[in-house]
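Each remark here refers to the structure printed beneath this line.
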Amino acid sequence: MVGEPEVMLLDEPTNHLDLAGIEWLEALMTNSSFAAVTVSHDRYFLESTCTEIVELNRIFAGGLLRVKGNFSRFLEENRLIWSRKAASRRACATA
């Protein structure tokens with residue numbers, strides 16, 4: 001971070017941070033000019049720092065689901081896709 005990176009790769013960045021450390025990292029991520037690729041299970045961190053989310057899953061066309069927006073928007077889109085797939089399966093089963 002000292003050398004003004006263009007891209008940061010973060011793997012579970014909040015795992016060993018206390019609340020003050022997480023808040024500092026969120027502020028850094030929100031106010032920075034670099035791009036970041038974050039792998040995390042911390043939904044609150046993703047909600048506050050992400051502007052685009054990609055899920056890798058072979059069930060999606062092209063193997064990934066890409067959603068612009070925060071984590072809440074991603075969850076909405078993901079639920080919509082899964083409900084459409086379920087409806088399609090039900091329609092095929094009754095045909």
Is there side-chain contact between L65 and N57, with at least one heavy-atom pair below 4.5 Å? no
Student check: side-chain heavy atoms of M29 and F34 closer than 4.5 Å: yes
Taking [Y]'s backbone N and O only, do any of them form a donor-acceptor pair with [X]'s side chain (distance below 3.5 Å, no angle check)?
X: N31; Y: A27; value: yes
X: E12; Y: H41; value: yes
X: E47; Y: S72; value: yes

Nearest 0.5 angstrom please: [X] [atom1] to [Y] [atom2], how far?
X: N15; Y: I22; atom1: CG; atom2: CD1; result: 9.0 Å
X: C50; Y: R43; atom1: SG; atom2: CZ; result: 12.5 Å
X: S48; Y: D42; atom1: OG; atom2: CG; result: 8.0 Å
X: K85; Y: I81; atom1: NZ; atom2: CD1; result: 7.5 Å
X: I53; Y: N70; atom1: CD1; atom2: CG; result: 7.0 Å

Could you report the tightest heavy-atom contact between [X] and [Y], atom names first, then the distance?
X: K68; Y: R73; answer: O-CG, 3.6 Å
X: T14; Y: S40; answer: OG1-OG, 4.4 Å
X: F45; Y: P13; answer: CE2-CG, 3.8 Å

Would a hydrophobic clustering, with Ile, Leu, Val, Met, Phe, Trp and Tyr connected at side-chain separations under 4.5 Å, put [X] with [Y]?
X: M8; Y: L17; result: yes
X: L10; Y: Y44; result: no
X: V67; Y: L64; result: no
X: F71; Y: V54; result: no

